[in-house]
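First comes the structure, then the notes that go with it.
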Amino acid sequence: MTTLSAKDKEVVKAFWAKVSGKGEQIGTDAVARMLTVYPQTKTYFSHWKDQSPSSPSVRKHGITVMAGVGDAVTKIDDLKGGLLSLSELHAFTLRVDPANFKILSHNIMVVMAIMFPKDFTPEVHVAMDKFLAAVSLALAEKYR
Amino acid sequence: MVEWTDFERATIQDIFSKMDYEVVGPAALSRCLIVYPWTQRYFGSFGNLYNAAAIMGNPNVAKHGTIILHGLERGVKNMDNMKEVYAELSVLHSEKLHVDPDNFKLLSDCLTIVVAAQLGKAFTGEVQAAFQKFMAVVVSSLGRQYH
């Protein structure tokens with residue numbers, strides 16, 4: 001949609017500094033919630049023996065996703081360039097429909113609201129929403 | 001007709017019975033106006049919406065947020081009948097207020113975030129699913145009379 005302003009980047013970096021210590025927990029809960037609240041997303045994980053929220057596969061994937069988000073924060077000045085190889089992975093190998101990026105982004109923010117209710121203010125919410133949308137766009141860059 | 005499980009019914013009744021409409025309503029509406037600023041187009045008469053602080057302190061926003069929650073309560077009290085319950089409100093939003101129905105989803109997402117922050121760990125994946133299903137039915141019912 002839009003580019004991130006200097007203020008957006010500042011807010012995202014500051015909030016990420018506060019919450020990155022709990023990155024694994026955020027990621028695990030966000031993926032678990034996504035599979036529960038949007039069951040159609042389970043179609044991408046039919047190769048997992050255990051798709052339940054407490055499964056080790058969910059935790060491992062949550063950690064992977066959040067590591068990617070953390071990496072994106074460090075590349076916030078050039079998401080398209082910085083996330084190029086991840087985009088190629090999602091485009092040619094994983095082929096995740098980009099609508100699902102929005103779904104996962106929503107669940108990441110729900111978890112942030114739960115775990116950091118005082119810090120996830122409306123200002124942080126809008127910056128994070130824009131950031132995750134920009135990350136999603138960068139991930140879809142190589143699709144077609 | 002929408003099928004509701006016992007868990008879903010109980011969850012929705014529980015969430016709304018414990019909710020302070022005068023806190024959650026204003027929080028959700030002001031968050032929507034801040035996170036999705038284009039929604040401010042419908043509130044030209046509300047006065048100062050210039051920045052987040054102004055929005056969060058605006059008494060018209062607060063009043064309207066509470067009204068919205070009371071509107072949601074109608075659905076909570078008539079979960080088996082929501083299409084009919086919201087028919088008149090749907091006509092109002094379409095014919096008189098001219099609200100793009102996409103905006104209902106935006107407000108719904110902000111309300112989900114506010115409720116999540118309030119309930120904390122109690123807002124489990126299953127509770128979130130029930131809440132979002134309820135909101136999806138409200139949103140769909142409100143959009144039904146548009147033509």
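Reminder, nothing fancy here: chain letters follow the sequence lines and each chain counts from 1. Worth saying up front: this structure is predicted, and the values here are computed from it rather than measured.
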NZ of Lys142(A): more than 12 outside heavy atoms within 6.0 angstrom? no
hydrophobic_cluster_shared for Phe43(B) and Leu97(B), side chain cutoff 4.5 Å: yes
Counting only heavy atoms from other residues, nucleotides and ligands, does the tally under 6.0 Å from CD of Glu88(B) exceed 12? no
Is Leu84(A) reachable from Leu4(A) through a run of hydrophobic residues whose side-chain heavy atoms are each under 4.5 Å from the next? no
Heavy atoms of other groups near Gln40(A) CD, more than 12 under 6.0 Å: yes
Report, as yes or no, whether the 6.0 Å neighbourhood of atom CZ on Arg9(B) holds more than 12 heavy atoms from other residues, nucleotides or ligands. yes
Which of residues 106-131 of chain B have a heavy atom under 4.5 Å from any heavy atom of chain A? Asp109(B), Cys110(B), Thr112(B), Ile113(B), Ala116(B), Ala117(B), Gly120(B), Lys121(B), Phe123(B), Thr124(B), Gly125(B), Glu126(B), Gln128(B), Ala129(B)
Would Val85(B) and Ile67(B) show up in the same hydrophobic cluster when neighbours are defined by side-chain heavy atoms closer than 4.5 Å? no
Just checking Lys22(A): does its NZ atom have more than 12 heavy atoms from other residues, nucleotides or ligands closer to it than 6.0 angstrom? no
Take a 6.0 Å sphere around CG of Asn51(B) and say whether it holds more than 12 heavy atoms from other residues, nucleotides or ligands. yes
So what's closer than 4.5 Å to chain B heavy atoms on Phe120(A): side chain, backbone, both or neither? both
Non-hydrogen contacts under 4.5 angstrom with chain A: give the residues of residues 26-36 of chain B involved, or none if there are none. Arg31(B), Ile34(B), Val35(B), Tyr36(B)
May I ask you to check whether over 12 heavy atoms, not counting those of Tyr50(B), lie within 6.0 Å of atom OH? no
